[in-house]
Amino acid sequence: MTVQLAPATGPRGGVSRYLAPIVLAVAAAAVIAVVVSAPGQSGHGRGGARASHAAVRRPPPYWIVQPGDTLMEIAAKTGVSVAQLEAFNPDADPLGLVPGQRLKLWLHPPKPSPTPVPLGPLYWTVRPGQSFGSIAAKTGINILTLEQLNPGLKSTTLWPGDRVRLRPPLLPSSSLARLAAALPGTLGW
């Protein structure tokens, strides 16, 4: 026995035939968007990459306690465990944190480097009426040092516009040793 179906007289499926693939594509795009933007899933999407990258970062050396901070909150914000915070800060009372208190986040935080003292100008341009004595008084440099740094100038023959060396040039230590040996007397630097 054979069964034959009669052809339909009207449009078959009509709008639903064209609408079904579009609905399927929109649903797939929505699922992809949810998976990509899901926070806290390491290895999936951008949110996970940010979370795994943050674990590699090193926290700052210190934490300044803010009002309401607890060791638990500081640990969550910095990635340092509560046990480490207690070990790095043995004098800190975990139940009595004071706003403004500084907590170590590293076992050996870096020491602040001393700020270098600027060397000051290399030369002084002589003005009318100035001598080695007045230049020494204004700059705080010993007169003997000024005379040794300027062997071609005499205090009695200074003219306006002359350039007086105030400090030795920046030279390697071997060149400084040769310079010190070549100059008579000791330099008062």
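Because the structure is a prediction, the values reported are computed rather than measured.
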Exercise. side-chain contact (heavy atoms from CB on, under 4.5 Å) between Leu166 and Leu122: does it pass, once the steps are laid out?
Worked result: CA-CA 5 Å; Leu166 299 178; Leu122 185 59; over 6 Å; no

Problem set entry | Side chains of Phe132 and Asn150 in contact at under 4.5 Å (non-hydrogen atoms) | yes

For this session: Please report the shortest heavy-atom distance between Pro59 and Val80, naming the atom on each side.
Result: CG-CG2, 3.8 Å

For this session: Report yes if some heavy atom in the side chain of Leu158 is under 4.5 Å from a heavy atom in the side chain of Lys154; otherwise report no.
Result: no

Problem set entry | Minimal non-hydrogen separation, Val82 against Met72, with atom names | CG2-SD, 3.8 Å

For this session: For residues Thr125 and Asp162, determine if any side-chain heavy atom of one lies less than 4.5 Å from a side-chain heavy atom of the other.
Result: no

Seminar exercise, completed: Nearest heavy-atom contact between Lys104 and Asn89 is N-OD1, 2.7 Å

Problem set entry | Criterion side-chain contact (heavy atoms from CB on, under 4.5 Å) on Leu105 and Leu85, from CA distance to verdict | CA-CA 6 Å; Leu105 299 180; Leu85 285 171; 3.4 Å; yes

Exercise. For Gln101, what residues pass the side chain to side chain contact (heavy atoms under 4.5 Å, CB included) criterion, not counting sequence neighbours?
Worked result: Val65, Ala92, Leu97, Val98, Leu103

Problem set entry | Min side-chain heavy-atom separation Trp106-Pro60 under 4.5 Å | no

For this session: Sorted by first residue and then second, give each side chain to side chain donor-acceptor pair (under 3.5 Å) pair with at least one member in residues 62-73; sequence neighbours left out.
Result: Trp63-Asp69

For this session: Check side chain to side chain donor-acceptor pair (under 3.5 Å) between Glu147 and all other residues, then give those that pass, not counting sequence neighbours.
Result: none

Exercise. So, Arg165 and Tyr123: side-chain donor and acceptor under 3.5 Å apart, yes or no?
Worked result: yes

